[in-house]
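What follows is one structure encoded as structure tokens, with my remarks underneath.
Naming: A, B, ... by sequence-line order, numbering from 1 per chain. Note that the coordinates shown come from a computational prediction; the quantities given were computed from them, not determined experimentally.
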Amino acid sequence: MSSGHGHSDGATVKERADLALNNDFLRKAVKFTTERLKGGKLKATEEHGNWEEWRERGKQIRLHTIAHLDYYLNLFVDNARANGVHVHFADTAEEAVHISLSIAERKQAKSVVKSKSMVTEELHLNHALESIGVEAVETDLGEYIIQLAGETPSHIIIPAIHKNRYQIADLLSEDAGEKLEPDTSILAGYVRRKLRAKFLEADIGMTGCNFAIAETGSMVLFENEGNARMVTTVPKTQITLMGMERIIPSWADLEVMATLLPRSATGQKLTVYMSGITGPRRSADADGPDEMHIIIVDNGRSLQLGDPEFQELLNCIRCGACLNACPVYRHIGGHAYGGTYSGPIGAVLTPSLQKNVAEWDDIANASSLCGACYEACPVKIPLHEMLIYLRRRKIESGHGDKVEAIGMKGFATVMSKSGRFKAALKLGKLGQKLVARNGEIRIKIGPLKGWNSVRVTPSLPKKSFRDQWGTMEAEIRNGLKEMDPDMKNRMEAIVKDRANGGGHGHG
Amino acid sequence: MKVSLFITCLSDAIYPRVGEAMVRLLANYGVKVEFPTVQTCCGQPAFNSGYWDEARATAKTILEAFEDCDFVISPSGSCTGMIHHYPKLFENDAIMYEKAVKLQSKSYEFTQFLVQVLGVTDVGATFPHKVTYHPSCHGSRLLGVKDEPLALMSKVKGLEFVPLPFAEDCCGFGGTFAVKMSEISGAMVSEKSDHVKETEAEVLVGLDMACLMNIAGNLRYRNEPVRVMHLAELLYEGVKQA
């Protein structure tokens, strides 16, 4: 199974994150672009004016579709086949690769042009194509850069987010055999000319799929560069790979998704191109592929179906908003996550697709659980909660850290009885005498090593709150003012409302 | 009306002054706050790390402590947020689940209680200082406490409010995250301190002592002379000064 060929070395997310944290180019580049995208999204959602309602609509559409995925998949497949599309199912990455290579071999293909597709990254399809002597050319600018660098995408929609334009100019200059100025239009112009030839000679066009429309068997692509249009119109054969959850019921639902996706991804009202493709070229069409294949990929997705804690993961529309909102992602970039998908969605998706929680646990720990991902998500996936469920499943399956387990047992022993907590505070006050100076602890050993390397820890005061309570309570009782009747009425009304099963009005 | 204080283990042990500020402020409105001493910790460190049996053992002290009161108030959006997880934590125990749902419905973060329940925004405080505010993630995102602290600060005489750039970014605390992923956490808190410094505020306030301990610890480490306090402390100090 695809074991996440992230570019960064390092066995754990902690090691990979340390590499990223020491890479100033990466941190500046990622910070710059995520802030721009986050700002763009904020502006676009404010201008939309009714974002929360549309977000809820998006969530409901996705919930409904995934709850009836078998029905909508069948409908989609029947309609796509009626349109003349060859539809294939792949349970695993290996099967999806095998089907793709068989088509390429049958077509005696020498080259494949690709538009941006995360699912083909998940399958490591480029390597597979190259292994049978087929050239695979990424035609999305960011993907092209990453391919030249021999790396994997570090962001779902901005694959080369971790590179600045000087690094990109160096890469493209090497490719061009001449010095290219680090000017965006010069660099893009070079790639455009180079790719034009590749489009014209390609035997196969390969795409991902943003949405598959069940009611007509169509596939929809969102893009900004026009390369996906070229990929789906010039080559004689088209292969589209899609995760089995990309389905939405109807074109009416696409309106909601087309409102949510570009705004969430880049802050655009709509991407520059949005293409709906319903089958191969018809006789009256001037262009388009003569043969069209759609490969529907499972590769771990059905593990989420019927799992109440993780089914909503299949609602994801791959917009990348959670990456842009995530403060951890901003500091460590995408490769530190070690899988095809990075950021908060990757931290949950990668282990979920693999089912080997023990191996991937450390990514779930690389989050402060701040909930920025959930807030940013256009279909409201509770990623911050799923991260906790992943951690719990790892502990329950016996793959927890032994030292931490002992610590947690101790924590529960102390905290399950207030008397023990009180005793522990007493003990702490005694113990800290060795390390505390002027109300501060600066020592860098044990669990305080990492914490105190950038912080100072306050020591325990002489008296805890519970130590002071007796005296404080007596003082307060003496000085208590009369409660305002209005205030009293408010409180009583709230309690009454609560007893009647009324809304709590908060939380 | 019985109002009980959920002090949180952190404020109990390290920041008792925050609890004191809360109960003394509320006494001005005739709210006699109770403090059930059987309470310990909400269990969040164990819950977030995946140790739910241990979290349940601890959470039971909170469920017991606040079973018979009408309102639970806490100086932490995060620990109040943990109470919101109790129904999930006890989903396989019908009796405890029912208690959990009940507790959730009556639990309030301090400013939520002050503004939403008591209807107070002007506590009559004076605090002539430049102040910035860090909205903690769990309070603002999970409980939706966004306007309450701003409304309270806007009524404080002399207080000059300076918005914190990138205020909504997490400070990097995240409980055990700060220990397990200390380098990432360190990068996050350093960035937060940079933003605090940019405001040139004399005082940083918040609604969660864990986050404030994190930021204050880093500011102190860097020798930045910024005073860090809970909003309850600021209001109480401001009332005494008025």
Does any backbone or side-chain atom of [X] lie under 4.5 Å from a heavy atom of chain B? Answer side chain, backbone, both or neither.
{"X": "A:Glu375", "value": "side chain"}
{"X": "A:Asp486", "value": "neither"}
{"X": "A:Ile332", "value": "side chain"}
{"X": "A:Ala424", "value": "neither"}
{"X": "A:Ala372", "value": "both"}
{"X": "A:Glu404", "value": "both"}
{"X": "A:Arg420", "value": "neither"}
{"X": "A:Ser459", "value": "backbone"}

Closer than 3.5 angstrom, by distance alone: can the side chain of [X] be matched with the main-chain N or O of [Y] as a donor-acceptor pair?
{"X": "A:Arg466", "Y": "B:Asp12", "result": "no"}
{"X": "B:Tyr221", "Y": "A:Ser453", "result": "yes"}
{"X": "B:Lys32", "Y": "A:Arg477", "result": "no"}

State plainly whether the residues [X] and [Y] are in salt-bridge range, i.e. N to O under 4.0 Å.
{"X": "A:Lys31", "Y": "B:Glu191", "answer": "yes"}
{"X": "A:Lys38", "Y": "B:Asp169", "answer": "yes"}
{"X": "A:Lys463", "Y": "B:Glu20", "answer": "no"}

#### Entry: B:Phe35-A:Phe465 aromatic ring centre distance below 6.0 Å
yes

#### Entry: Test salt bridge (charged side-chain N to carboxylate O under 4.0 Å, His left out) applied to A:Lys426 - qualifying residues, sequence neighbours left out
none

#### Entry: Listed partners of A:Arg490 passing salt bridge (charged side-chain N to carboxylate O under 4.0 Å, His left out), at least two apart
none

Can you see which heavy atom on [X] is nearest to which on [Y], and at what distance?
{"X": "B:Ala57", "Y": "A:Ser416", "result": "O-CB, 3.6 Å"}
{"X": "A:Arg498", "Y": "B:Phe71", "result": "NH2-CE2, 3.3 Å"}
{"X": "B:Ser185", "Y": "A:Arg455", "result": "OG-NH2, 2.8 Å"}
{"X": "A:Ser368", "Y": "B:Met188", "result": "OG-CE, 3.9 Å"}
{"X": "B:Val23", "Y": "A:Ile476", "result": "CG2-CD1, 3.5 Å"}
{"X": "B:His138", "Y": "A:Leu369", "result": "NE2-O, 2.9 Å"}

[atom1]/[X]: more than 12 non-hydrogen atoms of other groups inside 6.0 Å:
{"X": "A:Lys417", "atom1": "NZ", "value": "no"}
{"X": "A:Glu492", "atom1": "CD", "value": "yes"}
{"X": "A:Lys409", "atom1": "NZ", "value": "no"}
{"X": "A:Lys429", "atom1": "NZ", "value": "yes"}

### Task
Check the pair A:Arg391 / B:Asn48 against side-chain hydrogen bond (donor to acceptor under 3.5 Å, both in side chains), numbers first and verdict last.
CA-CA 8 Å; A:Arg391 295 174 184 183; B:Asn48 283 357; 5.9 Å; no

#### Entry: Heavy-atom side-chain proximity of B:Arg24 to A:Glu475 below 4.5 angstrom
yes

### Message
I want to check something: taking the side chain as every heavy atom from C-beta on, are B:Val179 and A:Lys449 in contact at a cut-off of under 4.5 Å?
### Response
no

